[in-house]
Amino acid sequence: MLKYTYHPLKGLNTFGIEAYAREYIEVQSKESLLELFSKSKDKHLILGGGSNVLFRGDFDGMVIRMAMFGKKVTGTMPGKVLLEVSAGEDWDDIVAYCVNQGWGGLENLSLIPGQVGSSPIQNIGAYGVELKDHFHSLTAFDKEKKVFVVFDKKGCRFGYRNSYFKQEGKDRFVITSVTFSLDKKPVPQTSYGSLRSELDKAGIDNPEIKDVRQAVCSIRRNKLPDPDVLGNAGSFFKNPVVSMEVYLDLKKKFPGLVAFDDPKGKKLAAGWLIENAGWKGYRRGDAGVHDKQALVLVNHGKATGKEIIQLADDIQQSVLETYSIRLDPEVNII
Ligand code: FAD
Ligand code: EPU
């Protein structure tokens with residue numbers, strides 16, 4: 001394990017925010033993780049691909065980057081393959097690998113940036129599928145008890161952009177591997193509106209998982225900014241879930257309001273709320289709102305974390321005043 005001091009984080013967060021960590025270390029194995037936590041009591045941050053974090057400034061502690069790699073089939077059940085993947089593997093490389101093997105389940109989650117180890121933290125989701133739909137279990141290091149533990153699906157308490165690891169288990173566990181349950185005979189999920197339209201546009205009636213992957217990649221490339229070109233962390237806020245009563249009241253006042261069905265009522269499209277409040281394409285210095293997706297805040301070059309946070313606060317306030325709806329950030333502000 002090589003330890004660096006005063007390490008730059010700009011290349012390690014997709015917002016491209018300039019910040020430094022007092023110490024930085026890459027952890028390659030479970031043994032080194034155990035060794036590290038048996039010695040160090042320093043304030044620390046576990047970092048994956050840095051695609052869901054916003055640094056408000058320098059990090060006065062140790063940034064620990066997950067660098068554990070590898071994947072293996074750990075079991076097969078009728079119709080299913082169990083694939084265990086180490087935390088440091090790139091998420092989209094694993095999706096591509098599964099699609100090439102003909103194993104179905106993760107294809108709708110194509111092109112989401114980040115590492116496999118972070119995927120359960122907010123139960124990543126896109127185009128009608130969430131991680132939990134093909135999750136089997138995970139292994140994590142419990143920093144309090146200094147042991148490795150296995151969580152099954154129930155233990156992870158997955159919800160919309162939520163899990164046990166963002167609630168009671170926050171900051172206590174380091175995920176070292178995730179096991180997926182994949183379909184040997186895939187059943188493509190194509191109910192999400194824009195995915196269906198993209199497949200229709202390509203004239204594909206009975207898509208295979210490779211077609212779904214291609215369609216999802218194409219939608220994402222058109223709509224979401226590439227962090228290598230324009231700094232961002234995907235959706236900055238979560239889509240707010242409201243009761244049917246609140247939804248109907250809002251719909252009367254704002255007939256164009258976009259919302260999706262949800263077991264608790266309706267999930268409002270925060271992108272619509274922000275756009276309709278006049279923020280789409282807005283820019284203040286180098287902090288801005290993406291011109292194709294108002295839910296995505298962007299760094300045009302030299303924005304600081306504080307400037308992005310100020311913009312996010314102003315959007316939150318404006319949405320609250322316009323619709324009486326409070327937006328919660330999805331991005332982890334460090
Ligand atoms: P990081 O940003 O490095 O970390 C995120 C959080 O997880 C931090 O709190 C960190 O401390 C913690 N963490 C990371 N690794 C571990 C670990 N091994 N153990 C314990 N804690 C850990 N998300 C979606 O759900 N759907 C999308 O469609 C989507 N699209 C995106 C598009 C773009 C262009 C971008 C930039 C982001 C998008 N995201 C999306 C958000 C992001 O990609 C996901 O949340 C992703 O899972 C974050 O992975 P990461 O490795 O970059 O995590
Ligand atoms: N919309 C607007 N204006 C905008 C953006 C969106 O009116 O500027 C409306 C449109 O009607 C559009 C609808 O909102 O049809 C939904 O937009 P989109 O399909 O882009 O999805 P989203 O709700 O904005 C969510 C996730 C994304 C995920 C997509 C696809 C959240 C917070 N975001 O965005 O996840 O990729 O659905 O499933 O749930 C992320 O979490 O970082 C992320 C990018």
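Residue numbers run from 1 in the order of the sequence given. Whatever order the structure lists ligands and atoms in, that order sets their numbers, starting from 1.
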Problem - Nitrogen or oxygen atoms of Leu224 and ligand 1 under 3.5 Å apart - result: no

Problem - Side-chain touch Val216/Glu107, heavy atoms, less than 4.5 angstrom - result: no

Exercise for the section: Output, in order, the C-alpha distance, side-chain angles, deciding distance and verdict of side-chain hydrogen bond (donor to acceptor under 3.5 Å, both in side chains) for Gln122 and Asn162. Expected result: CA-CA 5 Å; Gln122 69 159 11; Asn162 209 352; over 6 Å; no

Practice task
Find out whether the Lys NZ or Arg CZ of Lys170 is both under 6.0 angstrom from the six-membered ring centre of Phe165 and within 45° of the ring's axis.
Solution key: no

Practice task
Can you sort out which atoms of ligand 1 are near Phe173, meaning under 4.0 Å from one of its heavy atoms?
Solution key: 20 (C)

Handout entry: Side-chain ion pair, Glu330 and Lys238, N-O less than 4.0 Å
Key = no

Problem - Contact residues of ligand 2, where a non-hydrogen atom lies under 4.0 Å away - result: Ala126, Tyr127, Tyr160, Arg161, Tyr192, Arg220, Lys223, Gly234, Ser235, Phe237, Lys238, Asn239, Val258, Phe260, Ala269, Gly271, Trp272, Glu275, Lys280, Gln293, Ala294, Leu295, Glu330

Handout entry: 4.5 Å side-chain heavy-atom contact, Glu307 and Lys302
Key = no

Exercise for the section: List the closest protein heavy-atom neighbour of atom 24 (C) of ligand 1: residue, atom name, distance to the nearest 0.1 Å. Expected result: Gln122 NE2, 3.5 Å

Completion exercise
Closest to atom 40 (C) of ligand 1 by heavy-atom distance, out of Ile112, Leu33, Leu109, is Ile112

Exercise for the section: Compute the shortest N/O to N/O distance between Met66 and ligand 1 and return yes if it is under 3.5 Å, no if not. Expected result: no

Handout entry: Top protein contact for atom 34 (C) of ligand 1, by heavy-atom distance
Key = Asn232 OD1, 3.4 Å

Exercise for the section: Find all atoms of ligand 1 within a distance of less than 4.0 Å from any non-hydrogen atom belonging to Pro113, and give their numbers and elements. Expected result: 31 (C), 32 (C), 33 (C), 35 (C), 36 (C), 37 (C), 38 (C), 43 (O), 46 (C)

Problem - Set of salt bridge (Lys or Arg N to Asp or Glu O under 4.0 Å) partners for Lys252, sequence neighbours left out - result: none

Exercise for the section: For ligand 1, indicate whether the residue Ile46 contacts it via side chain, backbone, both or neither (heavy-atom separation under 4.0 Å). Expected result: both

Practice task
Please say whether Leu45 places an N or O atom under 3.5 Å from an N or O atom belonging to ligand 1.
Solution key: no

Practice task
Verify whether one side chain among Gln115 and Asp90 offers a donor that lies under 3.5 Å from an acceptor in the other.
Solution key: no

Practice task
Examine Gly234 against ligand 1 and note whether any of their N/O atoms are separated by less than 3.5 Å.
Solution key: no

Problem - Any Pro225 heavy atom less than 4.0 Å to ligand 1 - result: yes

Practice task
Tell me, please, whether Phe148 has Lys30 positioned over its six-membered ring: NZ or CZ under 6.0 Å from the ring centre and within 45 degrees of its axis?
Solution key: yes

Practice task
For atom 15 (N) of ligand 1, grab the closest protein heavy atom and report residue, atom and distance to one decimal in Å.
Solution key: Ser118 OG, 3.3 Å

Exercise for the section: Report, as yes or no, whether the 6.0 Å neighbourhood of atom CD on Glu245 holds more than 12 heavy atoms from other residues, nucleotides or ligands. Expected result: no

Acceptor/donor pairs from residues 124-139 side chains to any protein atom, 3.5 angstrom cut, sequence neighbours excluded:
{"unit_1": "Glu130", "atom_1": "OE1", "unit_2": "Asn123", "atom_2": "ND2", "d": "3.1"}
{"unit_1": "Asp133", "atom_1": "OD2", "unit_2": "Glu130", "atom_2": "N", "d": "2.8"}
{"unit_1": "His134", "atom_1": "ND1", "unit_2": "Ser181", "atom_2": "O", "d": "3.2"}

Problem - Cation over ring face, Lys80 and Phe180, 6.0 Å, 45° - result: no

Handout entry: Minimum-distance protein heavy atom relative to atom 1 (P) of ligand 1
Key = Gly50 N, 3.6 Å

Problem - Atoms in ligand 1 flagged as close to Thr14, the criterion being non-hydrogen separation under 4.0 Å - result: 36 (C)

Handout entry: For the student: nearest non-hydrogen atoms of Arg213 and Asp92, plus distance
Key = NH1-OD1, 2.8 Å

Exercise for the section: Measure from atom 4 (O) of ligand 1 to every heavy atom in Val216, Val331, Val53, Asn13 and give the option owning the shortest one. Expected result: Val53

Fill in the blank from the handout: among protein heavy atoms, the one nearest atom 18 (N) of ligand 1 is Ile175 O, 3.0 Å

Exercise for the section: Please tell me if the side chains of Asn232 and Leu297 come closer than 4.5 Å, counting only heavy atoms from C-beta onward. Expected result: no

Exercise for the section: Ignoring hydrogens and angles, state whether a donor on the side chain of Ser194 or Ser197 is under 3.5 Å from an acceptor on the partner side chain. Expected result: no

Problem - Check: Ala233 N/O within less than 3.5 Å of ligand 1 N/O - result: no

Problem - Those atoms of ligand 1 less than 4.0 Å from some heavy atom in Ile121 - result: 7 (O), 20 (C), 21 (N), 22 (C)

Exercise for the section: Give a yes or no on whether a salt bridge exists between Asp58 and Arg22, defined as a side-chain N under 4.0 angstrom from a carboxylate O. Expected result: no

Problem - Of the listed options Ser51, Ser235, Ser119, closest to atom 43 (O) of ligand 1 (non-hydrogen atoms) - result: Ser51

Handout entry: Residues Tyr6, Tyr24; criterion ring-ring contact (aromatic ring centres under 6.0 Å, His included); working and verdict
Key = CA-CA 8 Å; Tyr6 208 58; Tyr24 173 79; over 10 Å; no

Handout entry: ligand 1 to Gln115 polar contact by distance, N or O atoms, under 3.5 Å
Key = yes

Handout entry: Arg220 touching ligand 1 at heavy-atom level, < 4.0 angstrom
Key = yes

Practice task
Determine, step by step, whether Tyr323 and Phe254 satisfy the ring-ring contact (aromatic ring centres under 6.0 Å, His included) criterion, reporting the C-alpha distance in whole Å, the side-chain angles of both residues, the deciding distance to 0.1 Å, and the verdict.
Solution key: CA-CA 9 Å; Tyr323 315 98; Phe254 302 97; 4.9 Å; yes

Fill in the blank from the handout: the protein heavy atom lying closest to atom 47 (O) of ligand 1 turns out to be Ile124 CG2, 3.2 Å

Exercise for the section: Please say whether Asn52 places an N or O atom under 3.5 Å from an N or O atom belonging to ligand 1. Expected result: yes

Problem - ligand 1 atoms in contact with Gly125 (distance to a heavy atom under 4.0 Å) - result: 24 (C), 25 (O), 26 (N), 27 (C), 28 (O)

Handout entry: For Ala126, the ligand 1 atoms whose distance to one of its heavy atoms is below 4.0 Å
Key = 28 (O)

Problem - Shortest protein contact, atom 5 (C) of ligand 1 (heavy atom only) - result: Asn332 ND2, 3.8 Å

Completion exercise
Atoms of ligand 1 under 4.0 Å from any heavy atom of Gly114, numbered from 1 in the order shown, are 49 (O), 50 (P), 51 (O), 52 (O)

Practice task
Examine Leu47 against ligand 1 and note whether any of their N/O atoms are separated by less than 3.5 Å.
Solution key: no

Handout entry: Flag for Thr5-Glu23: side-chain donor and acceptor within less than 3.5 Å
Key = no

Problem - Ring-face cation of Lys71 near Tyr97 (centre distance under 6.0 Å, axis angle within 45°) - result: yes

Exercise for the section: Sequence neighbours left out, what pairs pass side chain to side chain donor-acceptor pair (under 3.5 Å) with at least one residue falling in residues 218-228? Expected result: Glu198-Ser218

